[in-house]
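Quick notes on the structure that follows.
For reference, positions follow the sequence shown, starting with 1. One-based numbering, in listed order, for ligands and for the atoms of each.
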Amino acid sequence: MDLSGASALVTGGASGLGFATAQRLSAAGAAVTIVDLPSSAGIERAAELGGTFAPADVTDPDQVAAAVAAATRAGPLRVVVNCAGIAPPAKVLDREGRTTPLADFERLVRINLVGTYNVIGQAAAAMAASAPDGVSGDRGVIVNTASVAAFDGQIGQPAYSASKGGVHAMTLPIARELARYGIRVVTIAPGIMETPMLKGLPQAAQDSLGEQVPYPARLGRPDEYASLVLEIVRNGYLNGETIRLDGAIRMAPR
Ligand code: NAD
């Protein structure tokens, strides 16, 4: 697919994996719309790329509709990458054996899973209404972000694993449904990536996490994620699949 003159929307695009992806898409010629919270560095990040910042909470239908409309004004919307997410840990029971607040579980699932679905739904409508790409015949590609926690979640990750397992599970039915429009849907399940989320940990903790990766024994780089997004966009036969990007790590219980 030719990205020059095309529009690409990246949620969570002000930081980490999302910003690395926005940089790659911009370098490939796409007009990039960064969708992130108003409190994020979205304005500065978009300015660096000569792109657009559309402040939005991915769980809000009206805000996401406005962001998709902004992206569509920049050109035919061909690429949507869902990177917005949060990962606060919470066990089922606290130290005293009491149930932890249900609202925490609901909030995490709402942002990571419901938010991803909200963006997919609204972006798919805009893509379906566009003319197909003259070269590939594709109308667009949607890339979601799950996690290895979808498959081997650790203690303290029931909500995160549930949200990411949901992103993985809905990939195939949505790819099947959107096939008739020429829209592909692919999910990436990253392992432990070196983003602001992880860089907040002490260096010793980062090193220890990196050593758990069979090969290469280090944290993943945001640009390795972004590079895979670009390959998914380029490779028209990838569809309805979740790809682990994790150096072969299988997470231990804790
Ligand atoms: P990050 O914290 O650097 O970036 C996440 C971005 O999402 C932030 O800019 C944040 O403002 C935005 N965001 C959060 N809630 C939002 C909302 N409601 N609406 C809009 N934007 C919102 O984190 P990252 O490491 O780049 O993570 C990106 C994605 O990758 C997340 O879905 C995360 O769960 C997933 N992931 C990360 C890792 C890792 O090791 N870093 C591993 C597996 C999966």
Please check if atom CZ in R234 has more than 12 non-hydrogen atoms from other residues, nucleotides or ligands closer than 6.0 Å. yes

Any chance CD of E177 has more than 12 other-residue heavy atoms, nucleotides or ligands included, within less than 6.0 Å? no

For [X] and ligand 1, answer yes if some heavy atom of the residue is under 4.0 Å from a ligand atom, otherwise no.
| X | value |
| --- | --- |
| L198 | yes |
| A146 | yes |
| G191 | yes |
| C83 | yes |
| G115 | no |
| K164 | yes |

Hey, are the side chains of L17 and P190 touching, using non-hydrogen atoms and a 4.5 Å cut-off? yes

L49 vs R45 side-chain heavy atoms within contact, under 4.5 Å: no

With atoms numbered from 1 as shown, which atoms in ligand 1 lie under 4.0 angstrom from a non-hydrogen atom of [X]?
| X | result |
| --- | --- |
| I192 | 40 (O) |
| P196 | 3 (O) |
| S147 | 43 (C), 44 (C) |
| L17 | 26 (O), 30 (O) |
| D57 | 17 (C), 18 (N), 19 (N) |
| Y160 | 33 (C), 34 (O), 35 (C), 36 (N), 43 (C), 44 (C) |
| T145 | 29 (C), 30 (O), 35 (C) |

Should one rank G16, A56, S15, A67 by closest heavy-atom distance to atom 1 (P) of ligand 1, which comes out on top? S15

Checking heavy-atom distances from atom 14 (C) of ligand 1 to each of G85, G12, G13, G18, the winner is G85

Ignoring angles and geometry beyond distance, decide whether [X] reaches within less than 3.5 Å of ligand 1 through its nitrogen or oxygen atoms.
| X | answer |
| --- | --- |
| S40 | no |
| N112 | no |
| T59 | no |

Nearest heavy-atom contact between V185 and N239 is N-OD1, 2.9 Å

Which residue owns the protein heavy atom closest to atom 25 (O) of ligand 1, what's the atom, and how far is it? T195 OG1, 2.7 Å

Answer yes when D138 and R184 have at least one side-chain N-carboxylate O distance shorter than 4.0 Å, and no when they do not. yes

